[in-house]
Amino acid sequence: MSSQYAVEMINIHKTFPGGVYANQGVTLKVKRGEVHGLLGENGAGKTTLMNILYGLLNRDKGEIIINGEHVEFESPTDAISKGIGMVHQHFKLIPPLTVVENVVLGSEPIFGRTFGRGIIGKIMRALMPIDIKMAVEKIIQIAEENGLHIDPYAKVQDLSVGLQQRIEIIKTLYRKADILILDEPTSVLTPQEVDELFETLKEFRKAGKTIILITHKLRETMALCDRITVLRDGKLIGTVERDNTSPEDLAQMMVGRPVVFMVDKGISSPGDVVLKVQDLHVKDYRGLESVKGISFEVKAGEIFGVAGVEGNGQTELVEAITGLRKPTDGVIIIDEVDVTSKSPRFVREVGMSHIPEDRQKMGLILAFTIKENLILGRHYRPPFANGPKNMLLNLDRINEISDDLVSKFSIKTSSSDAFAETLSGGNQQKVVVARELAVAPKLIVAAQPTRGLDVGATEFIRNTLIKMRNAGSAILLVSAELDEVRNLSDRIGVIYDGKIVAIRGPDATPEELGLLMAGHVQGVD
Amino acid sequence: MASKGMIAAIVIVIIGVAGAGAYLIMFNPFGPQPNPYTVAIVFATGGLGDKSFNDGCYNGAVEASQEFGIQFTYSEPAAITDYEGYIRGYAEHTQYIEPFDLIISVGFDQADALMEVAADFPDQKFAIVDMYIDPTNYSNVASLLFNEHEGSALVGAIAGLMTTTDSIGFVGGMDIPLIHKFAAGYVWGANYTNPGINYQVAYTGSWVDTAAGKSLADGMYSAGVDIIFAAAGRSGLGVFDSAKENNATSSYPLWVIGVDSPQMYLGCADPDNPEPPTVGLTSMLKRVDVAVHDIIEDVVEDTFSGGVNLFTLANGGLDYEINTDLLTLPTSVINAVEDLKAAIIAGTVTVPDSIYWS
Amino acid sequence: MNASELSDAQKSGIGQRIENWILGLAKKVTDPSYRKQFIWSFASIVLALLVSSLIMLIAGYDPGLAYVYLAIGAFSRMDLVLYYATPLILTGLSVALAFKCGLFNIGAEGQLYIGSMAAALMGYLIALPIVIHPLACLAIGAIAGGLWGFVPGLLKAYRGAHEVVTTMMLSYTAILLTGWLVSSNGPFWDGSMVPRTPPLLDTALLPPLWGYSLHTGLILSIIAVFAVDFLINRTVLGYEMRAVGLNPDAAEYGGINSKRNIAIAMGLSGGLSGLAGSEEIMGTYGKFVANWSPGLGWDGITVAVLGNNSPWGVLAAAIFFGGLRAGGNTMHQVVGVPIEMVSVIQGLVVLFVAAPRIINWLVDNGNTIFKSMKEDPFEPSINLVSSILGLAILMLGLGMITSLYSLPSFTWINAATALVYVLVAILGVMIFIVYWSKRPDAGWFMLLAAVLWTIAGVLEIIGAGMSALTSFILAIFTFVLWLADRLIGRLLVTKKEDDIE
Amino acid sequence: MMQGLPLDLIGWVFAVTLQMATPLVLAGLGGMYSERGGVVNIGLEGMMLMGAFTAAAVTYYTLNPWLGILAAVAAGGGLAAVHAIVCVKFKGNHIVSGTGIILFGAGFTTLMLEVVWHRKGYGETITNTIPDIVIEPIQNIPLIGQAFGVISPIVIFMFVATILSWYILFKTPFGLRLRAAGEDPSTLDSAGVSVEWTRAIGVIISGCLAGLGGAYLSIGFGSAFGKNMTDGRGFIALAAMIFGNWSPFGILIAGLFFGFLDGLNYAIQIYFPALLPYANFIAMLPYLLVVVALGVIRRSIPPKGIAIPYEKERKA
């Protein structure tokens with residue numbers, strides 16, 4: 001143990017196929033037993049750097065030293081054997097499997113002993129029965145020691161997001177990790193759950209574990225971290241002691257310029273009711289009721305924000321309003337037209353536009369060109385279609401309009417004939433936004449509109465939304481980013497367990513909203 | 001990337017062209033050459049290996065080639081659409097200086113293709129096995145036809161006499177009229193020597209599925225049948241397998257009757273070194289080999305004429321197999337069958353050629 | 001094309017439109033990605049032919065002669081090539097269209113049978129005037145095939161029944177059903193020895209086009225290529241189908257009824273197969289014969305995947321297959337190579353097409369080897385020579401096995417020798433891979449090969465004793481290469497140490 | 001003309017069911033290993049042919065059917081390894097590769113058939129086929145005596161393989177990893193297990209089992225290799241796998257069901273001659289039944305990550 005550092009990553013370079021620089025000469029040194037914050041905007045290369053450390057990605061250049069020892073990680077197995085564990089932002093869990101199965105995957109305990117080394121031993125190990133009982137005992141023991149209670153036999157798909165994160169942490173502990181990497185662990189948690197998590201992490205620190213926390217949230221960094229490394233655009237900006245810095249300094253390091261936290265959106269002037277939702281009940285894909293009687297209204301010219309921890313029914317609510325999922329009960333009225341249980345096309349015809357939460361899964365067809373993506377949803381009617389019964393595509397008009405949109409929304413691409421998958425995340429989202437907002441919709445349903453975008457794109461999209469509001473559109477904004485909801489919305493509805501538990505004005509404090517999001521409903525209604 | 005691919009492509013082209021060029025200079029395969037072959041055969045789809053029909057033609061050609069010192073070539077089309085291409089290819093004698101003396105089409109389904117080509121090459125001699133082509137329009141085509149039902153009647157008669165359970169079976173390849181001819185003669189023959197005999201008829205639905213043939217035969221044997229006539233191409237080989245296996249546990253002997261070629265040896269434990277005992281009782285011999293041999297002989301001796309060459313019991317084109325090395329049938333049975341044969345040849349009895357029961 | 005040209009095009013009518021279309025096509029052809037696709041396809045064919053020649057060597061045929069006649073057969077009989085391609089274009093389009101909508105229509109064969117049966121019935125039962133009659137037959141065939149595809153489409157869309165199972169089962173159903181309909185017990189039998197319908201009326205036949213077998217169906221097939229291209233790229237329906245195929249969630253989100261599109265796509269796909277069947281019956285057979293199709297529907301899958309599911313790719317692939325068939329017939333007839341060789345070549349082409357990265361891998365590694373040869377000629381040369389030796393070992397190993405075929409009887413020595421040959425052949429491949437990709441741990445493979453060749457040589461002396469000399473020479477050669485490799489390694493290590501000091 | 005006891009009839013139908021189901025179940029189980037791991041394997045037909053041919057050839061040369069079986073397993077696995085290299089290593093399109101495997105398998109075996117036996121279309125009869133096991137006590141039990149009294153070891157292995165597959169898939173580390181590779185390869189990757197190897201091994205096992213299924217046709221149940229002797233069974237096996245919902249016992253049941261339909265078809269032909277004119281028509285009905293059943297009963301849910309090549313170096 002020659003070095004005081006648990007992790008040293010020196011001069012790491014990484015370029016993705018296609019020439020995207022993710023890391024350029026990044027150096028990260030993490031002391032043993034500290035909580036080290038890795039701070040940066042989305043797309044700054046934090047996750048890539050950690051994936052390299054975890055052996056998921058190969059680096060192009062640079063050295064990695066773990067506990068003073070030079071290492072070459074071929075795969076996560078090597079990293080795990082050196083005591084590194086990682087909790088990914090998108091959980092690496094397999095929904096149809098049980099908690100135990102997910103935890104032991106890759107390092108399964110087996111009955112009996114195996115003989116033979118090398119390949120024979122490997123084969124033997126792979127074919128002995130898994131000792132599920134032992135694994136369960138161990139999981140329960142880990143859970144009790146760390147206060148992470150969980151039912152080992154439950155299927156992951158039946159568990160809440162918070163519990164799923166718990167499984168991820170148990171997974172790393174199960175593998176006896178003493179260097180823990182957590183990638184954006186708080187984005188799916190309520191403020192209270194965040195506090196619990198931080199308590200757990202502090203316990204870990206006391207127990208001598210090293211923790212690397214990837215985040216773009218200054219508050220968390222300041223609350224928990226001992227030292228902080230800031231990345232921007234794949235480059236190292238600097239490493240600072242928490243006690244020698246301030247949120248403002250960190251923000252400037254992160255973004256490269258002073259950040260205005262509030263958007264100046266002006267005063268709203270609400271008009272007629274555009275969206276009316278009454279006593280809505282929706283079941284999720286498993287058949288469990290996840291929207292349990294929601295009622296609210298959105299007026300023209302206002303932004304109604306839905307705040308809440310993910311998995312409390314927002315997805316199903318949005319799907320029901322946009323026609324993607326049939327509600328079991330309740331009424332949805334858009335612009336005085338009953339759209340309950342109608343097809344997405346019908347709802348769109350009424351004047352709804354939808355920015356979906358997952359642009360790659362829903363908003364875009366990645367193997368389509370930008371042009372083709374820009375007409376999705378309105379491809380079947382003029383001006384995009386012509387000929388008898390509008391059966392043909394009007395390619396000339398499509399070219400014109402899409403070129404126009406590309407320049408208007410400053411989508412960075414070589415041509416509108418390029419495939420959507422060649423675009424960066426921000427430009428992909430711009431394509432979605434351009435398409436959805438180009439037609440002056442009466443109602444805009446925007447779900448997580450800025451997720452995973454860099455600062456520029458985020459600002460652009462937020463400003464566009466406000467512009468639309470001022471132009472008289474009604475906007476339903478669903479976001480997991482509390483700050484975003486607070487900054488943009490004229491009214492905020494807090495959703496918890498499938499119900500709107502409270503509606504507040506934009507001046508509500510984060511603390512109050514946080515409590516509401518956690519289901520602590522005091523003096524409401 | 002594209003340029004890299006380009007370079008690779010160019011290199012590959014150069015290597016390919018150089019190789020081909022070197023090869024051409026060394027061997028000079030182009031240009032018409034003398035035709036070493038006298039006869040060309042276009043086999044039926046399914047090709048060689050059925051151990052009966054196509055193989056019989058092949059054997060006939062081999063015999064003729066040895067006897068008359070000629071050579072023959074052949075092709076095995078994969079589909080009906082290929083027939084015309086092959087026949088025409090031989091008729092045009094591509095790459096050869098001299099034409100073929102005779103082109104033989106094997107199988108009923110080649111008729112259409114053969115007629116097309118025969119009309120275009122009136123000087124080329126053709127023969128077709130198993131199909132009638134009108135000689136008034138196509139005087140250059142000889143049709144080699146068989147009265148399969150007559151031969152089937154003989155083996156049916158043997159089956160009728162040899163059965164111990166009074167129950168016989170027939171396994172056909174496909175439920176088609178040609179196979180009905182076999183079935184009809186067989187059942188008629190069995191009824192002739194053993195009136196009121198029980199019979200079962202089934203089809204594998206495939207010419208190549210030995211497993212289906214075997215399963216079907218298993219079923220018949222377990223239902224009390226003790227003699228099965230298998231006219232199912234390669235599927236029929238499964239019947240032999242079944243008989244061999246079931247014979248080991250059966251209280252009475254089980255038999256198979258082969259088809260087209262002598263197949264009794266297939267009933268031996270090791271068909272490549274046939275030794276008794278065998279489960280092959282006899283075989284219905286459709287002497288396509290004789291037919292092919294004779295037509296080649298006609299060509300060699302310049303006595304070829306178009307029109308129908310009908311092969312019957314009378315002229316030895318059909319028969320039943322006797323292989324005393326493997327199995328000796330009782331004299332009474334042989335006598336009865338010979339009597340029937342004489343009667344059919346004399347025309348005193350007529351064998352039906354399509355299903356007459358049910 | 002600049003803006004003013006574009007507006008001109010809009011002003012003046014159809015002529016300009018066609019010109020625009022041609023310009024667009026030219027742009028597509030010169031597009032680098034298309035060019036890359038072309039190079040990949042070409043390289044796949046060349047590689048497949050190389051591997052095939054290896055297999056021909058094992059089987060004891062002369063690959064050179066075979067390829068010469070393959071080429072002669074294909075190029076001298078273009079009519080035959082197109083004749084074989086005619087139905088394949090349609091079945092290929094059928095499978096490709098379903099693929100475009102994310103569906104795997106494995107039952108094109110059945111749709112083909114049903115379509116051809118319907119067309120045949122229309123052709124001989126109903127008398128219609130010339131021109132109208134063939135059109136009516138084609139229409140009814142397409143509709144029948146379309147229905148046969150539409151049903152699995154409906155089941156997939158509304159019941160979630162996997163289309164691979166349903167189309168395949170319906171395919172067997174169709175073959176057996178049509179077989180029964182024309183059997184001697186069925187209603188449409190012509191009374192002959194063959195299970196078939198009476199011949200079609202002359203008015204219903206497709207007139208011949210060129211050569212003796214090519215018929216007007218070819219024109220129809222090519223029209224179908226244009227039509228499918230138009231459908232996929234220029235119509236709302238095509239747009240929706242592609243959207244459903246590429247991302248059903250996004251399609252749903254965009255207001256596209258994916259169920260409807262799935263059903264329609266399967267119906268259209270079935271219709272194209274039905275058309276293929278009708279065309280064959282009306283142009284070639286003149287009557288419906290039970291089991292007439294030589295697997296046109298199955299080949300349609302191969303054609304579609306080889307053509308990358310694009311209509312023009314399907315056209316090219318179908319013609320390529322037609323060429324292989326026609327050339328293969330000549331090859332079989334003249335050289336005596338069994339017609340199955342064509343199937344082997346097709347299989348290998350498709351395998352190489354499946355993974356363009358194989359070609360990338362070969363090219364990239366070759367490039368690095370040649371490039372580094374400039375800097376330091378010794379080590380890359382060893383790699384190059386070793387790679388080539390690996391291939392030689394592979395070929396010799398496989399070739400040696402053939403020498404055992406002719407041996408009269410089985411002995412354990414010979415079996416062991418055969419096993420060693422197989423192992424050595426596998427090792428040859430591995431040596432090639434290892435050296436071609438310049439893996440650092442390559443040396444031991446060479447040593448192992450040397451040992452195996454020695455064992456093979458000894459076994460040959462004990463056993464048949466025919467080709468022992470070759471084995472020993474190869475053993476020595478591989479051993480020397482191993483030594484050279486080790487030596488370089490040693491040299492490099494010492495050199496590095498020198499540098500450090 | 002009804003002959004034999006109905007019991008015998010049913011017993012024989014059971015026997016046929018087993019015989020016809022064995023290659024289907026073995027190949028279907030094979031397909032399951034591949035698809036559970038996320039690799040579509042429509043090349044089963046080619047691998048079965050390869051197995052059938054190799055088994056016959058090796059048995060022919062060595063006179064030892066067990067060596068033949070081993071070789072068949074190796075050959076099927078070898079062809080599957082090609083599929084694995086194309087699909088897993090080089091991220092090729094699974095269906096394209098599978099199509100190539102089928103074409104190659106069919107062509108290559110027919111070609112080599114001629115080389116080995118110097119004949120066309122059909123090889124020499126193999127005299128040393130896998131001997132059936134005779135179990136005296138079972139033989140006399142009605143109904144099942146015919147099916148299980150004299151039974152091929154491969155048929156027994158079919159049942160063993162089903163149970164073993166269930167055990168491997170759901171009880172062992174390898175099975176867990178394989179399922180993970182099929183559902184969500186990135187999770188498996190981050191758990192430190194090589195997705196490529198896991199998938200490749202799944203594909204190779206699939207080829208081994210398909211090869212064994214083919215060997216049953218040529219030296220287990222039958223006694224020679226003929227060209228295209230699998231006669232489309234690889235595709236039916238694929239259907240059985242989907243019909244059985246990618247689970248071992250489901251595949252066993254589906255395979256037995258398909259085998260039973262064959263048996264029923266033969267039984268009707270033999271025992272109900274009055275229906276003989278409708279033989280083809282009746283043979284068609286089972287296939288139609290499967291379509292109806294699929295339409296009515298349940299939807300097929302394949303593993304989520306199927307047919308998607310796993311690219312490690314993708315920007316998260």
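Keep in mind it's a predicted model, so treat the numbers as computed, not measured. Each chain gets a letter, A, B and so on, in the order its sequence line appears, and its residues count up from 1.
- Among all heavy-atom pairs drawn from D/Pro173 and A/Ala126, the shortest one is CD-O, 3.4 Å.
- Proximity to chain D (any heavy atom under 4.5 Å) is restricted, for A/Leu93, to the backbone atoms N, CA, C and O.
- Looking only at distances, no side-chain donor or acceptor of D/Arg177 sits under 3.5 Å from a matching main-chain atom of A/Leu105.
- Taking every heavy atom of both residues into account, A/Ser75 and D/Gly192 meet most closely at OG-O, 4.2 Å.
- To the nearest 0.5 angstrom, A/Lys92 atom NZ is 6.5 Å from D/Asp184 atom CG.
- Contact record, A/His88 with D/Ser190: NE2-CB, 3.4 Å, taken as the closest heavy-atom pair.
- Side-chain contact between D/Leu176 and A/Leu97: present, with at least one pair of heavy atoms (C-beta onward) separated by less than 4.5 Å.
- Using a 4.5 Å cut-off between heavy atoms, A/Pro96 contacts chain D through its side chain alone, with no backbone atom that close.
- With values rounded to the nearest 0.5 angstrom, A/Glu101 atom CD is found 9.0 Å from D/Phe170 atom CZ.
- Heavy atoms closer than 4.5 Å to chain D are found in the side chain of A/Ile80, but not in its backbone.
- Of the two parts of D/Leu188, the backbone and the side chain both hold a non-hydrogen atom closer than 4.5 Å to a non-hydrogen atom of chain A.
- We find the OH-CG distance between D/Tyr167 and A/Leu127 to be 7.0 Å, quoted to the nearest 0.5 Å.
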